[in-house]
Trainee: 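I have a structure here, written as structure tokens, and I will follow up with some questions on it.
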Number of protein chains: 2
Amino acid sequence: MEKNLKKRETMHRLCAKGLEIFQQKGYYNTSLDDILKELELSKGAFYHHFKSKEDYFINIIQNLIVQKVYALLVEPLNTYENPLPIILDSLEEALEPGKRNEMAYGFMLNDFLTEFNKRNAQISKYLKDILKVWEVNLVSVLKRGKIDGHIARHIDCEGVATYIIASYLGMRSLLMDNTNKQLKYQYIQQLKHYFRSIAAQNVMA
Amino acid sequence: MEKNLKKRETMHRLCAKGLEIFQQKGYYNTSLDDILKELELSKGAFYHHFKSKEDYFINIIQNLIVQKVYALLVEPLNTYENPLPIILDSLEEALEPGKRNEMAYGFMLNDFLTEFNKRNAQISKYLKDILKVWEVNLVSVLKRGKIDGHIARHIDCEGVATYIIASYLGMRSLLMDNTNKQLKYQYIQQLKHYFRSIAAQNVMA
DNA sequence: GCTTAAACCGACCCGCCAGTCGGTCTGCTT
DNA sequence: AAGCAGACCGACTGGCGGGTCGGTTTAAGC
């Protein structure tokens, strides 16, 4: 079973390095040779493990991107506290470079989403499904917040989830080049204002 | 001067059709032949008017995209009323397909922004400058709103502008494929909640 | 009408890059 | 030790698309 280990090892190295470079330069702007050169692997090795560049990226999505989004944006929602501060923290964390988040400025979901839109319907679908999972989890935690009296009763949880996702994706666009540290701070501040407007009024404490 | 007219006419046809197709399929996913075929023009004609594909797109930005953003997002801000409803209206209008807005779902600023990011710094700069103009105008109208007593005094106008832009760009990402009419409605609703939270409290009627 | 320069034509060039394929190396099996 | 399969190599192919260039058409100026 030594062979099997080698296979996993090589595939994993390819996926990890691929994600790293695709994030930096974009999928269509990165040639396989760019990646293979860095890993000192050949075309033959690549096509031995993956049947196409597309297949390769789908592997990357399912093995790496999905996990990352879960870890950063979905799992933190699994508590029974007031959901609004929890959501706020998860977004702040997801926009933070370094730390749990090796890649600069969290995951380039928005970048990939727009890059593949109109270009590759299958990959688009995989990426949209990830967003969908996030959305569903947001909605569910918001609804629980409503029951628990943290969120005003007249609030449309689906609308709130959509709005949070939109603002996060847009923020990622604005941060993409920018070294402007203030942007993230401004975003979090305004999100707090917004959250205050949908919180239940009968705040105790 | 008949020649001069012909030149303008051809260049304009090229730019208009180019923008149309670039929006549908993306810049890098559209070949010049795709555009030239539709207009029944030749490579020779194209390179007689533009020195490169890049030069061509810069023309499109400066002649068409800038005007559109001004018309939809900047000029509406030039009133002396309460800025918040004005901004809300402009965003709603800008997300509306058809009408003043021939292209589906407003301008694909976010799409182009992410497409050119890391690919072409010069074009990225042109696009970011457009956003900057919008931002500056938003900030200025928000500050006036503060003076006029429509917006609470402790509010950070730059932060609000950033947040509005981020949510709009993100919304455009979510709407990109989607025929989901509800998304836009949800967005506008939540924006209203947010605006309420930054409005001055001493509302008179 | 003749000249001249513009607008325009389209075959061609060339670099890039996903994907192929015949071959070599490595280490497990018997 | 032989045989075999899976991991890996790298030169090659083929299509796509931006850009070129010598030539043709059109219309303004005289």
Side-chain angles (χ1 to χ4, degrees), chain A residues 1-22 24-61 112 115-116 118-123, chain B residues 1-61 63 112 115-116 118-123:
Chain A
M1 285 299 116
E2 184 72 17
K3 278 284 176 66
N4 212 330
L5 267 182
K6 191 83 189 292
K7 181 182 178 74
R8 282 173 183 280
E9 147 93 15
T10 302
M11 285 179 81
H12 183 262
R13 279 176 62 217
L14 278 166
C15 287
K17 180 61 76 179
L19 178 56
E20 183 189 330
I21 302 189
F22 287 146
Q24 284 167 21
K25 309 203 307 171
Y27 175 85
Y28 289 107
N29 201 28
T30 303
S31 71
L32 294 178
D33 286 327
D34 291 342
I35 297 163
L36 295 169
K37 204 186 304 164
E38 292 228 6
L39 295 175
E40 290 178 347
L41 283 173
S42 66
K43 273 276 172 68
F46 180 88
Y47 281 96
H48 179 70
H49 294 296
F50 302 99
K51 62 185 238 292
S52 66
K53 190 184 181 187
E54 184 186 33
D55 173 56
Y56 172 50
F57 194 73
I58 291 173
N59 257 272
I60 290 177
I61 293 177
F112 286 138
E115 187 170 8
F116 289 109
K118 309 170 224 160
R119 268 265 208 170
N120 185 317
Q122 194 190 351
I123 292 186
Chain B
M1 288 293 115
E2 182 73 16
K3 277 283 174 69
N4 211 331
L5 268 181
K6 191 85 190 292
K7 180 183 179 73
R8 282 174 182 281
E9 147 92 15
T10 302
M11 286 179 80
H12 183 263
R13 278 176 63 216
L14 277 166
C15 287
K17 179 61 75 179
L19 178 57
E20 183 189 330
I21 302 188
F22 288 145
Q23 275 197 78
Q24 284 166 21
K25 309 203 307 171
Y27 175 84
Y28 289 108
N29 201 27
T30 302
S31 71
L32 293 179
D33 285 328
D34 290 343
I35 297 163
L36 294 170
K37 205 187 303 163
E38 291 229 6
L39 295 175
E40 290 178 346
L41 283 173
S42 66
K43 274 277 175 67
F46 179 88
Y47 280 95
H48 179 70
H49 294 296
F50 302 100
K51 64 186 235 292
S52 66
K53 191 184 180 187
E54 183 186 31
D55 173 57
Y56 171 50
F57 193 73
I58 291 173
N59 258 272
I60 290 177
I61 293 177
N63 294 333
F112 286 139
E115 188 170 9
F116 288 109
K118 308 171 224 160
R119 268 264 209 172
N120 186 317
Q122 195 190 352
I123 292 186

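Throughout, a chain's letter reflects where its sequence line sits, starting with A, and its residues are numbered from 1. Keep in mind that this is a model prediction, so the values were computed, not measured.
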Trainee: Nearest whole angstrom, please: distance from the C1' of C:dA18 to the CZ of A:Phe57.
Mentor: 16 Å

Trainee: Hey, do the aromatic rings of B:Tyr28 and A:Tyr28 have their centres closer than 6.0 Å?
Mentor: no

Trainee: Specify the separation, in whole Å, of atom CD1 of B:Ile35 and atom C1' of D:dG17.
Mentor: 12 Å

Trainee: Compare all side-chain heavy atoms of A:Ile21 with those of A:Glu38 and state whether any distance is below 4.5 angstrom.
Mentor: yes

Trainee: Could you tell me how far apart A:Leu14 (CG) and D:dA7 (P) are, to the nearest whole angstrom?
Mentor: 13 Å

Trainee: Taking atom C1' of D:dA11 as reference, at what distance in whole Å does atom OH of A:Tyr47 sit?
Mentor: 15 Å

Trainee: Name each donor-acceptor pair under 3.5 Å that joins a side chain in residues 41-50 of chain B to protein atoms two or more places apart or in another chain, with its distance.
Mentor:
from	atom 1	to	atom 2	distance (Å)
B:Ser42	OG	B:Gly44	N	3.4
B:Ser42	OG	B:Ala45	N	3.2

Trainee: Between the side chains of B:Glu9 and B:Lys6, is the shortest nitrogen-to-carboxylate-oxygen separation below 4.0 Å, so that they form an ion pair?
Mentor: no

Trainee: So which heavy atom on A:Lys25 is nearest to which on A:Asp34, and how close?
Mentor: NZ-OD2, 3.0 Å

Trainee: Rounding to a whole Å, what distance do you find between A:Glu54:CD and C:dG19:P?
Mentor: 8 Å

Trainee: Using modelled atom types only, decide if a donor and an acceptor are shared between the side chain of A:Glu115 and the backbone of A:Gly26 within a distance under 3.5 Å.
Mentor: no

Trainee: Evaluate the side-chain proximity of A:Lys118 to B:Asn29: yes if any heavy-atom separation is below 4.5 Å, no if none is.
Mentor: no

Trainee: Find the distance A:Asp33:CG to C:dG19:P and express it as a whole number of Å.
Mentor: 12 Å

Trainee: Please encode protein proximity along nucleotides 8-15 of chain C as a string of B, S and -, counting only heavy-atom distances under 4.0 Å.
Mentor: SBBB----

Trainee: Side-chain contact, heavy-atom cut-off 4.5 Å: B:Tyr27 with B:Ile60?
Mentor: no

Trainee: Using a strict heavy-atom distance below 4.0 Å, which residues from residues 25-32 of chain A are in contact with DNA chain D?
Mentor: none

Trainee: Let me know the distance between CG of B:Leu36 and C1' of D:dG17, rounded to the nearest Å.
Mentor: 12 Å

Trainee: Nearest whole Å is fine: how far is C:dG19 C1' from A:Tyr56 OH?
Mentor: 15 Å

Trainee: So B:Phe57 and B:Phe112, would you call those rings parallel, tilted or perpendicular, with 30° and 60° as cut-offs?
Mentor: perpendicular

